[in-house]
Amino acid sequence: MQNILVLQHYLAIGAIMFVIGLIGFVTRRNLIVIFLCTELMFQGVAINLIAFSRYTGNLAGQAFVIFVLVIAASEASLALGLVVLLFRTKNTLDADAWRDLKW
Amino acid sequence: MLGIVSTLADSVGSGSADYLVKPMTILLLCAVGGLGTVFLLPGPKQSAKLGGAMLMIAGLLLSLVVFFATAGHVDSDTGPYFWIFSAIAIFGAVRVITHPRPVYSALYFVLTVFASAGLFILMYAEFMAAALVLIYAGAILITYVFVIMLAASAQSPNDRSPLAGLAECDLVSREPFMAACVGFALMGVLLFVIFDKADQFSAQIPVPTAASLMPEETVHGSTQSIGQYLFQSQMVNLELAGLILTVAMVGAIVIARRKVTDIDQRFEPSVETISSNATPVNDDPHSIPVYGTTNPRQKSFPEH
């Protein structure tokens, strides 16, 4: 029971960070901050994975975090390239400037 | 306030025969946190920031009460560090989504990354902590800060107000109340499942002891064993990760490149810099147009 409690605390921290990132992803309108909130959600998931890896004695969780980092790095570079391109086209970072893409 | 906290602590601590944490407590915590987040998010009502901050402090106190009431058995070695690191991480995360300036959001995200690295070290994942700091705080966040600086608007030096020079999209957030409702409902469900399904969870998994939690050599050589695991069991995936990184790098360069005008035309004031993607005019690979000229037949490497 003792160590299970600690696992739940780490899971709670991961859940709280994921939810905070989710709220930021929905509410913020700056494109760069939207992608920062995506990274925040990755952080919450990584904490969950490491906690499960620790409390089940399985290294697959840590290896999975490495691949999460790889995907996060490539996503960040591609997304920031797209943000630079969008900023050059409309000269603003507002996500609402691309409202035409909705339909 | 203190009376409420103490009665909550009593109700949480003593009445835990059925539930580890009472559902009402989680509900109250999520409601307070959600309201505080709504008030803290950038919006037209600047006077509400103080109330939002107070609500967030109340939510933090409540969460501390809940956690200390349930966590009588946290092992005393890592217990205080866990609370410190998680408080820093959540504070940084809240500031990331509530700060109106993107540069400060990025810097608070660095704070969150460092706190998460501390949590990783508490879980004996030293290599992952180092990789997190190097990759996130060292590489990804530098890219973010560079892009923020590229897109920064000029700020007049005379204007000293704290929100000077910010665009409208940074000052007003979109649907903060609905987003906080949905997000904190999700958080309440997650916390409820995490804390109240504890008995089923611990019935399925054998309760780990200090010896069975991790083998001795794993604890003392976590980096070595994760390297062995990666290169023995995850070989193909590791190579694919490298391939994905290469493809992403090439793609980012192709997306973000821009046309540069010719040296001869650089000093003419009438020439505009065209910032669209340069694509070949036809399928002939030798006909890649040279930047700055209007002749598509001119080749970048003439054969003569």
Return the minimal non-hydrogen interatomic distance between [X] and [Y], and the atom names on each side.
| X | Y | result |
| --- | --- | --- |
| B/Ala180 | A/Ile23 | CA-CD1, 4.1 Å |
| A/Ala12 | B/Leu191 | CB-CD2, 3.7 Å |
| A/Leu59 | B/Ser225 | CD1-O, 3.5 Å |
| B/Leu245 | A/Ala73 | CD2-CB, 4.3 Å |
| B/Val96 | A/Arg28 | O-NH1, 3.8 Å |
| A/Ile47 | B/Met123 | O-CE, 4.2 Å |

*asked:* Counting C-beta onward and ignoring hydrogens, is there a side-chain heavy-atom pair between A/Ser74 and B/Met249 closer than 4.5 Å?
replied: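 Not in contact.
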Would you mind checking which part of [X] comes under 4.5 Å of any heavy atom in chain A, side chain (CB onward), backbone (N, CA, C, O), both or neither?
| X | value |
| --- | --- |
| B/Val113 | both |
| B/Met187 | both |
| B/Phe146 | neither |
| B/Ala139 | neither |

*Highest number of heavy-atom pairs under 4.5 Å with chain A: which of B/Ser233, B/Gly92, B/Ala131, B/Gly183?*
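Looking at each of B/Ser233, B/Gly92, B/Ala131, B/Gly183 in turn, B/Gly183 comes out on top.
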*Between B/Leu238, B/Leu141, B/Ile253, which has the largest tally of heavy atom pairs under 4.5 Å with chain A?*
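Heavy-atom pairs under 4.5 Å are most numerous for B/Leu238.
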*Between A/Arg54 and B/Tyr124, is there a donor-acceptor pair closer than 3.5 Å when you use the side chain of the first and the backbone of the second?*
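It does not hold such a pair.
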Using heavy-atom distances under 4.5 Å, tell me whether [X] contacts chain B through its side chain, its backbone, both, or neither.
| X | value |
| --- | --- |
| A/Ala60 | both |
| A/Ile71 | side chain |
| A/Val70 | both |
| A/Val26 | both |
| A/Ala46 | both |
| A/Val65 | both |

Rounded to the nearest 0.5 Å, how far does [atom2] of [Y] lie from [atom1] of [X]?
| X | Y | atom1 | atom2 | result |
| --- | --- | --- | --- | --- |
| B/Ile226 | A/Ser53 | CD1 | OG | 7.0 Å |
| A/Ile16 | B/Leu190 | CD1 | CG | 10.0 Å |
| A/Leu31 | B/Ile148 | CG | CD1 | 11.5 Å |
| A/Phe67 | B/Leu240 | CZ | CG | 8.5 Å |
| A/Leu49 | B/Met128 | CG | CE | 9.5 Å |
| A/Leu22 | B/Ile97 | CG | CD1 | 9.5 Å |

*With a cut-off of 6.0 Å (strictly less than), are more than 12 heavy atoms of other residues, nucleotides or ligands near CZ of A/Phe25?*
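No, not enclosed.
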*Under the side chain to side chain donor-acceptor pair (under 3.5 Å) rule, collect the residues that match up with B/Tyr104, sequence neighbours excluded.*
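For B/Tyr104 there are no side chain to side chain donor-acceptor pair (under 3.5 Å) partners, ignoring immediate neighbours.
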*Evaluate the side chain to side chain contact (heavy atoms under 4.5 Å, CB included) criterion for residues A/Phe87 and B/Val147: first the C-alpha distance (whole Å), next the side-chain angles of each, then the deciding distance (0.1 Å), finally the verdict.*
CA-CA 10 Å; A/Phe87 178 74; B/Val147 171; over 6 Å; no
_Testing the 3.5 Å rule here: is there a donor-acceptor pair between the side chains of A/Gln62 and B/Tyr229?_
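Their side chains do not contain a donor-acceptor pair, so the 3.5 Å distance test is not met.
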*Are B/Tyr144 and A/Phe35 close enough that their ring centers fall under 6.0 Å?*
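Judged by ring-centre distance (under 6.0 Å), B/Tyr144 and A/Phe35 do not meet the cut-off.
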_Going by ring pair (Phe, Tyr, Trp, His ring centres under 6.0 Å), name the residues that satisfy it together with B/Tyr136, two or more places apart in sequence or in a different chain._
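Counting only residues at least two positions away or on another chain, B/Tyr136 forms a ring pair (Phe, Tyr, Trp, His ring centres under 6.0 Å) with B/Phe109.
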*Closest-packed option against chain B by number of heavy-atom pairs under 4.5 Å, given A/Asp96, A/Leu40, A/Val84, A/Leu82*: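 Of the candidates given, the most pairs with chain B belong to A/Leu40.
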